[in-house]
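In listed order, ligands and their atoms are each counted from 1. We number each residue from 1, following the sequence as shown.
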Amino acid sequence: MERHTTAEAARGWQQSSILFGCDYNPEQWDRSVWQSDVALMTEAGVGLVAINIFGWASIEPQQGQFDFDSLDAIIALLHESGIRINLGTGTASTPPWLSTKHPEILPVAADGTTRFPGGRQAHCPSSPIFRERALALVERVAERYGSHPAVALWHVSNEIGCHNALCYCDVSAEAFRRWLETRYENIDALNAAWGTTFWSQRYGDWAEILPPRLTLSSINPGQKLDFSRFSSDELLDYYRSEADVVRAASHIPVTTNFMVTAHIRNMDYWQWASDVDVVANDHYLDNRLALPQSELSFAADLTRGLAGGDPWILMESSTSAVSWQPHNIAKQPGELVLNSLTQVARGADGICFFQWRASRQGAEKFHSALLPHAGTDSKIWRDTLELGRVLRSIAEVAETRVEADVAMIFSWQSWWAAEGDSQPSSAVRYLEQVHAAYEALRRNGVTVDMVPPGADLSGYALVLVPCLYLLTDAEAGVISNYTAGGGTAVITFFSGLVDNDDRLRVDPTGRIRPGAFVDLLGAWTEEFFPLRPDQRVILDSGATGKIWTELVRTVTAVPLDSFRDGPVAGRPAVTSNSFGAGRAIYIATDLAVDDYAALLGTVLADAGLQPNSLPSGVELVVRSNESYRYTFVINHSADEVTIAAADGIELTTGQAVVGAVTVPGGSARVVRQGAPDAASKHDNHERAAQ
Ligand code: GLA
């Protein structure tokens, strides 16, 4: 993937090891604490420390009055200790003097109410005043530290758009109009795209257009979708403005921390990825989900997808409990290492945490850290030291690449559109459908590359397309061409329904069947029959479906399974269609995960992929380079497992592996094996489990 800084400079953060790092907020501590902090960082092997993320109020206590004494001192201290710095631009949250002087920078919610200071990120992303003051700060910071030998990476702002992605104020409204003018050029094109003939919504002038503020009835879906696009673009534009200022003063690589997680959806990171010199993600185990470990693996794979397969950094994570979930579940001993190795297995070359030392005050004082309130005689500190040791033991894995035979198409824009108002069923949640598809593959021991719509699919034995409601004709064509060329595509319900304007693909004459995939699937849908919340349907195979059924009409497809009961009893539930040299499978319901996994197991085998028969709760992922293969066996279960493995060395214990590797419950092992042969990567997958 092309990045803005030279490839050599961009790799400067890496240094052929798996980085161990953290955020550090020394401004929260007396200087006497800093010295011991840095000594303990060295003991743990922490090599990259992010500072000045929330520095604005400290380094610019009043407008235009800068005080860099503390920052100079901490940078010097870290540098003397050989610790490299991930330097925040300091703009993550505005100081109170700015919003007091300029309350017009405050963000406004869809209902017109203001969001006030007292938390963080209380600014409108389109505010010119915010931008002017923030960039003035960035300029000072970049000029002062832009060539400092300890600075390895620039950390622009923090989690851009985490809280304030969607602002509905008048300044945002004006920026939205400008964005629309650029996109559509004339108002008739906008009217056509938004379908404003419906409900008398025709616009005669750009000035009539508003952000999708709170309405009495369902809002225009096109207006809402474009506002999501605008908001992501606006934040990206802001990131670019900071990155430009930094790059004018420094050749050090620049990034910002993405939030590929289950609860943030407002940034289309496919659009952002090429603007960062290294992709960095913040991820916390989400115990609100049914399968937190599965989501962790999914997010790691999606982050690798954003990085185009290149190494990436886990920029923030937690050593144990967070403080922002309703029930903040602490990690068991060893879980920190297990979660971290899951991220490394899936391509991370850096594992960093929020934060170094747990805070005594403020909104996150109950959030875990590398150094907990309990000090060094604690489970967390022992795990911190163990993680440092383990990461050093697997240093040679750095810069290797993850092997994957299967691709899954993921789209933020389709997510936004699919979950608009007035859809057939509010139970169809895009991310839940993606997670279900991912888990069904994971249970088959399959490693997945996440790709955007339109990406090159050649080389994959199977492509999964879950619930891809919106895509362009060209993007649909890529999937059809891939299949025609011999691939296997698995497409699930609510896919291919609308074009880029959220316009249904229907033909007024009724002669052309609706949907982007009619020819590919050899089937089309006459009518949707969503299920009631607790309703279940049984298929002929005995599989269970929920949420969704539909009346499928086959043309050339053959049914593989049919609904035995429910609103469309007797009609196809799973179909298969030969298409060119390949095959397209359609799944017309939300299968129970065991049934989903079983179906995909058969399809994978038919596609020439021998699914691994791994014990439940075990993940196997391979990273490799031209010399070695590194097989990660990650055992999330409580029981010890023994997995057949080619001979090699287990790196975390240094023990020889002969034919099999034993992995204790809740642990991970990394086996280095000799050079891969020239065989296809499909065979590699099979070999890994042997
Ligand atoms: C993110 C933020 C941090 C902190 C943590 C808490 O990583 O960037 O500032 O709020 O979440 O989990």
For this session: Identify the residue among R115, H123, R120, Q121 that makes a side chain to side chain donor-acceptor pair (under 3.5 Å) with H163.
Result: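 Exactly one pass, corresponding to R120.
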
What protein heavy atom lies closest to [atom]? Include the residue and the distance to one decimal.
atom: atom 1 (C) of ligand 1; answer: E159 OE2, 3.0 Å
atom: atom 6 (C) of ligand 1; answer: H367 NE2, 3.2 Å
atom: atom 3 (C) of ligand 1; answer: E316 OE1, 3.2 Å
atom: atom 5 (C) of ligand 1; answer: Y284 OH, 3.2 Å
atom: atom 10 (O) of ligand 1; answer: E364 OE2, 2.5 Å

Which of the atoms of ligand 1 are close to [X], meaning less than 4.0 Å from one of its heavy atoms?
X: F54; answer: 9 (O)
X: N158; answer: 2 (C), 8 (O), 9 (O)
X: W324; answer: 6 (C), 12 (O)
X: D282; answer: 7 (O), 8 (O)

Exercise. If you measure every N/O of R120 against every N/O of ligand 1, is any gap under 3.5 Å?
Worked result: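 R120 vs ligand 1: N/O contact under 3.5 Å present.
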
Problem set entry | Test of proximity, N257 against ligand 1: N or O pairs below 3.5 Å |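 The answer is no, given that N257 and ligand 1 share no N or O pair closer than 3.5 Å.
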
Problem set entry | Set of residues satisfying side chain to side chain contact (heavy atoms under 4.5 Å, CB included) with respect to T376, sequence neighbours excluded |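 Only L40, L371, W381 meet the side chain to side chain contact (heavy atoms under 4.5 Å, CB included) criterion with T376.
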
Problem set entry | Aromatic centroids of F227 and Y168 separated by under 6.0 Å |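 Ring-ring flag for Y168/F227: true, centres closer than 6.0 Å.
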
Exercise. Going by the angle between their ring planes, with limits at 30° and 60°, are F66 and F68 parallel, tilted or perpendicular?
Worked result: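 Parallel, since the angle between the ring planes stays under 30°.
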
Problem set entry | Aromatic plane relationship, W324 with H263 - under 30° parallel, 30 to 60° tilted, over 60° perpendicular |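 If you compare the ring of H263 with that of W324, the planes turn out tilted.
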
Exercise. So which pairs with a foot in residues 366-386 pass salt bridge (charged side-chain N to carboxylate O under 4.0 Å, His left out), sequence neighbours left out?
Worked result: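 Non-adjacent pairs meeting salt bridge (charged side-chain N to carboxylate O under 4.0 Å, His left out): D377-R382, E386-R389.
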
For this session: For the residue pair E234 and S126, confirm or rule out a side-chain donor-acceptor distance under 3.5 Å.
Result: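 Yes.
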
Exercise. Taking atom types as modelled, is there a side-chain donor on Q293 or S297 under 3.5 Å from an acceptor on the other?
Worked result: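 Side-chain D/A pair, Q293 to S297: absent.
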
